[in-house]
Structures are given as structure tokens and as C-alpha cells.
Amino acid sequence: MSSSSPSRTDCLAETVAGRPLKVAVLHEWLVVRGGAELVLEEILMLFPNADVFTLVRDISDEAFPALKGRKITTSFIQKLPFGRTKYRAYLALMPLAIEQFDVSGYDLVVSSSYAVTKGILTGPDQLHISYVHSPIRYAWDLYHSYLKDAKLTTGFRGLVARLVLHYIRIWDSRTATGVDHYIANSKYISRRIRKVYGRCAEVIYPPVPMGPNKIAERSENYYFTTARMVPYKKIPLIVEAFSQMPHKKLIVAGDGPDMKRARRLAGQNIEFVGFVPKDQLYTYMQKAKAFVYAAEEDFGIVLLEAQSFGTPVIAYGKGGALETVVDGRTGVLFRDQTVADIQDAVDRFERAGVTHSPKMIGLHARRFGAEEFRTRFSAFVREKLEVHLSELGPGTP
């Protein structure tokens with residue numbers, strides 16, 4: 001991350017009955033570094049002595065320095081066949097795996113959750129704060145689209161998938177009351193938490209990694225998109241839309257299951273560059289006419305990464321994009337995930353542009369930086385911890 005590490009005074013090092021606060025931090029799996037892992041990294045820096053619990057770990061200390069020197073506990077899924085790489089296949093076992101973690105010796109439990117970690121078992125004298133990236137998408141409001149995309153709407157495999165997700169929904173609902181305080185990564189997710197769990201959630205936007213504050217003086221004549229090529233990211237949809245606009249160049253970065261489909265739809269104006277390192281990714285973002293994105297995101301860190309370079313965004317106008325892209329000023333939003341709507345948005349962008357200058361777009365993005373996250377997250381935890389400890393009274397062990 002481009003932001004600096006928190007100072008010693010930023011670290012949450014409260015004491016309980018004269019001893020250091022014991023903190024456990026949970027995260028679904030430590031395999032890649034995505035948006036959720038950026039949040040985890042900041043949380044770990046605020047709790048330098050926290051222990052980490054995760055279902056599966058397949059990432060090194062070098063790739064994730066915030067893990068170095070910590071006690072890290074993994075679940076039994078780690079030891080199952082292909083557990084470190086095909087862990088999603090063990091979804092039905094994840095609730096059981098989370099419940100096997102013994103965190104009874106910790107004063108504060110912080111879960112970073114987009115699947116099952118918020119279901120950790122805690123006692124009445126423990127404070128559990130859950131930073132929710134999303135309730136389990138494929139079990140709740142994206143249930144039907146997930147089954148359709150995975151071709152699991154019929155047949156025996158479809159029946160098994162529906163039974164597993166039904167069980168997950170029951171478990172997810174039952175464990176919702178075990179969290180003392182929820183934090184949502186956007187207003188959109190706050191509404192989903194209220195809908196699914198019947199609970200209110202404080203909104204604290206995730207820390208967005210900013211580029212090196214280098215605004216391109218002049219963009220080049222191409223559009224850019226990047227994402228993990230999984231169905232909900234809709235990369236083939238973007239490729240199809242631009243393939244029908246042969247005079248507009250699109251550069252696509254990333255890889256994944258949808259790559260073959262995207263290549264089949266691609267015209268000669270589409271350039272695939274595969275997985276690229278962060279500095280090269282930032283170069284593409286910085287020099288693009290606009291960054292194009294068609295996924296419905298809970299927050300959408302990448303939209304702000306692009307804007308941090310002063311690059312306008314053309315994005316699907318639902319979910320987190322409504323909170324991070326100012327339509328007509330820092331970007332252009334389109335209404336439906338269709339080829340026609342993407343093409344219309346590109347046409348509107350080329351005809352009218354955006355009212356904000358690259359410098360103003362960059363300043364807009366920096367309102368979502370890591371420093372703001374640290375300040376708000378640490379203040380929230382301190383407030384809740386103070387109330388919690390006062391309720392326990394002077395006899396707290």
C-alpha cells in the first residue's frame with residue numbers, strides 16, 4: 001500500500017485488569033491479496049499482538065508482511081485434499097470449521113467476514129466486532145444468479161447446491177446474534193445487513209490503496225478494465241460491447257474462468273494483457289481515457305484506485321459504485337448490465353465527458369484513503385470496548 005504504516009499511538013493497545021488486551025482476528029481465507037485483505041492488513045497493524053485465525057492459508061509472509069511473526073491458526077479444511085486451492089468446494093464444512101476455533105481466551109474478537117467468520121463462537125464476557133464485506137452473496141440475494149451462472153439450476157448437482165445453500169442461510173441467520181457490533185463497508189452493505197440479519201451496522205469505508213499521486217497530464221486513446229474473471233465481474237460483457245465498437249480500443253487485464261469466453265467474444269480492438277503486477281496495472285489505469293466496470297460491487301475499491309489517478313470511471317450504477325462514483329462529475333453510470341447500456345455510457349462519456357478535472361477526480365478518491373479508515377475504525381473499537389469493559393465491572397479477570 002502506498003499509505004504509511006500507523007504510528008505507535010495508532011495501535012490499539014488497551015489493557016484489561018492490568019494486562020494487555022488479548023485480541024483474535026478472523027479472516028475467511030488467506031490465499032490472495034484483494035480488497036478484503038487490504039482491510040485485514042490495516043486491522044492487523046492496529047493490533048500488533050493479535051493472533052490470526054483463518055480457514056485456509058496459502059500465502060507467504062513475504063506476500064503479506066502483516067502476518068509475519070504472528071500466531072496463525074488454520075482449520076481442518078487446510079489438511080483436506082486440495083484444501084488450500086479448492087477450498088470453496090468445502091463450503092458445506094465451513095460453518096463447522098469456524099466453530100472449531102477456540103477463541104475463548106481472548107477479550108476482543110474481530111472478524112473480517114464475507115462468508116462465515118462472523119459465526120465464530122464467543123462468550124458473554126467477550127466483545128465481538130464484525131467488519132462485514134458482505135453477507136454471503138451466493139446464499140442470499142445473489143442466490144438465483146449464482147445457480148444460473150454455475151449451471152446448477154437443475155439436476156442432482158443443482159439439488160445438492162440448493163440444499164447446501166439452504167443450510168448455510170439457516171446457519172448464517174442463527175449466528176447473526178453472536179456479533180455484538182457490525183461494521184459495513186458501504187451503505188449498500190449496511191442495508192443488506194439490516195435485510196438479512198435484522199441488525200444495524202456502522203459504515204466505515206475500506207482503505208483504498210492510492211496510486212503515487214501522479215495524475216496523467218494527457219490520457220491515451222484506449223479504455224481499460226481489470227478484474228478476476230469470474231462470472232459476476234462481467235468481463236465478457238464489456239468485451240462484447242467494445243467488440244461491437246471496433247474503433248474504440250479496450251485493454252483487459254486479469255485472468256480466471258471467464259477468460260476463454262471473453263476471448264471468444266473479442267474483436268481485433270481488444271487487447272488481453274493477462275495478470276500484471278501492481279505498478280503496471282496502475283500505469284494502464286493512469287493513462288486510460290476511462291476505466292470500465294460492469295460488476296455489481298459491495299464497495300468497489302478498484303473504482304477508486306482508478307479515480308486516484310484522475311481517471312474517470314464508466315461503471316454499472318448499482319451497489320457501492322453509487323457511493324464512490326459521482327455520475328457526470330467523476331464518471332458515467334449505466335443502468336443495466338447489457339451490451340447496449342455499456343455502449344450508450346461510452347457514447348455519453350465521449351460526447352459530454354465529465355465535469356471534474358483529473359486533479360479533482362484524484363482528490364475525490366483520496367477521501368477514501370487508509371488514514372480515514374484507521375481513524376474511524378480505531379475510534380469505533382475504542383468506544384465499544386470502553387462500554388463493554390465498564391459493563392463487566394472491576395472484577396473483570
Quick one: do V132 and N185 satisfy side chain to side chain contact (heavy atoms under 4.5 Å, CB included)? Show the steps, please. CA-CA 6 Å; V132 178; N185 72 353; over 6 Å; no

Have T338 and D336 got a donor and an acceptor in their side chains that come within less than 3.5 Å? no

Minimal heavy-atom distance between A315 and L303, with the atoms involved, is CB-CD2, 4.3 Å

Less than 4.5 Å apart, any side-chain heavy atom of V252 and any of I270? yes

Considering only heavy atoms from C-beta outward, does the side chain of D180 approach that of H388 to under 4.5 Å? no

From CA spacing to verdict: ring pair (Phe, Tyr, Trp, His ring centres under 6.0 Å), Y205, F373: CA-CA 7 Å; Y205 291 122; F373 173 84; over 10 Å; no

Closest non-hydrogen atom pair, Y167 against P95: OH-CB, 3.6 Å

Under 3.5 Å side-chain donor-acceptor pair for Y87 and D58: no

Let me see the working for L127 and K384 under side chain to side chain contact (heavy atoms under 4.5 Å, CB included), right down to the final yes or no. CA-CA 8 Å; L127 180 66; K384 303 306 180 185; 4.3 Å; yes

Can you tell me if S243 uses its side chain to pair, donor with acceptor, with the backbone of G267 under 3.5 Å? yes

Cation-aromatic face contact K318/F334, 6.0 Å, 45 degrees: no

Side chains of S130 and S111: any donor to acceptor distance under 3.5 Å? yes

Taking the six-membered ring where the residue is Trp, are the ring centres of F309 and Y282 under 6.0 Å apart? yes

Taking NZ, NE, NH1 and NH2 as the nitrogens, is one of them in E372 or R367 under 4.0 Å from a carboxylate oxygen of the other? no

If the threshold is 4.0 Å, N to carboxylate O, is there a salt bridge linking E383 and R376? no

Please name the pair of heavy atoms, one in P231 and one in D258, separated by the smallest distance, quoted to 0.1 Å. CA-OD2, 3.4 Å

Smallest separation among heavy atoms of W140 and S173, with atom names: CH2-OG, 3.3 Å

Between H181 (side chain only) and E202 (backbone N and O only), is there a donor and an acceptor less than 3.5 Å apart? no

Can E41 and R33 be counted as an ion pair, charged N to O under 4.0 angstrom? yes

Looking only at heavy atoms, what is the nearest atom pair of F299 and P206, with distance? CD2-CG, 3.2 Å

Report the distance from atom CZ of R261 to atom CG of L265, rounding to the nearest 0.5 Å. 6.0 Å

Can a donor-acceptor pair be found between the side chains of H27 and E37 at a distance below 3.5 Å? yes

May I ask you to establish whether K248 and F242 are in a cation-pi arrangement, using a distance under 6.0 Å from NZ or CZ to the six-membered ring centre and at most 45° from the ring axis? no

Tell me, please, whether Y143 has R169 positioned over its six-membered ring: NZ or CZ under 6.0 Å from the ring centre and within 45 degrees of its axis? yes

Assert yes or no for the condition that the ring centre distance of W29 to Y114 is strictly below 6.0 Å. yes

Does R335 CZ have over 12 foreign heavy atoms under 6.0 Å away? no

Any side-chain heavy atom of F76 sitting closer than 4.5 Å to one from L93? yes

Salt-bridge criterion met for E42 and R374 (N-O under 4.0 Å): yes

Answer whether the closest heavy-atom distance between the side chains of L237 and V339 falls below 4.5 Å. yes

Non-hydrogen side-chain atoms of P207 and V39 separated by less than 4.5 Å: yes

Looking at D298 and R137, does any basic side-chain N land under 4.0 Å from a carboxylate oxygen? yes

For a salt bridge (Lys or Arg N to Asp or Glu O under 4.0 Å) with E297, tell me which candidate from K234, K233, R228 qualifies. K233

Quick one: are the ring centres of Y316 and Y293 less than 6.0 Å apart? no

Neighbour count >12 (heavy atoms, 6.0 Å) for atom CZ, R329: no

Main chain of V203, side chain of S190: is a donor-acceptor contact present, judged purely on distance under 3.5 Å? no

Apply salt bridge (charged side-chain N to carboxylate O under 4.0 Å, His left out) to the pair K278 and E305, showing each step before the final yes or no. CA-CA 11 Å; K278 203 70 171 178; E305 284 185 287; 3.1 Å; yes

For the residue pair E296 and Y188, confirm or rule out a side-chain donor-acceptor distance under 3.5 Å. yes

With the side chain counted from C-beta on, respond yes when L385 and R382 share a heavy-atom pair under 4.5 Å apart, and no when they do not. no

Presence of salt bridge, K118 and D172, under 4.0 angstrom: yes

Please determine whether the number of non-hydrogen atoms from other residues, nucleotides or ligands lying under 6.0 Å from atom CD of E386 exceeds 12. no

CA sep, side-chain torsions, deciding dist, call: H128, I120, side chain to side chain contact (heavy atoms under 4.5 Å, CB included): CA-CA 9 Å; H128 179 190; I120 186 70; 3.5 Å; yes

Test side chain to side chain contact (heavy atoms under 4.5 Å, CB included) applied to Q126 and L121, V109, L108, the passing residue: V109

Whether R88 and E28 form a salt bridge (side-chain N of Lys/Arg under 4.0 Å from carboxylate O of Asp/Glu) is what I want to check. no

Hey, does I301 have a side-chain heavy atom less than 4.5 Å from the side chain of L38? yes

Can you name the nearest heavy-atom pair linking T226 to V302, along with the distance? CG2-CG2, 4.1 Å

If we ignore hydrogens and angles and just use 3.5 Å, is the side chain of Y222 paired with the main-chain N or O of Y284 as donor and acceptor? yes

Look at the rings of Y146 and Y138 and say which category their plane angle falls in: under 30° parallel, 30 to 60° tilted, over 60° perpendicular. tilted

Regarding S134 and R192, do their side chains bring together a donor and an acceptor under 3.5 Å, going by distance alone? yes

Can you confirm whether R84 is buried at CZ, in the sense that more than 12 heavy atoms of other residues, nucleotides or ligands lie under 6.0 Å from that atom? no

Side-chain contact test, heavy atoms from C-beta onward, threshold under 4.5 Å: evaluate it for T311 versus P358 and give yes or no. no

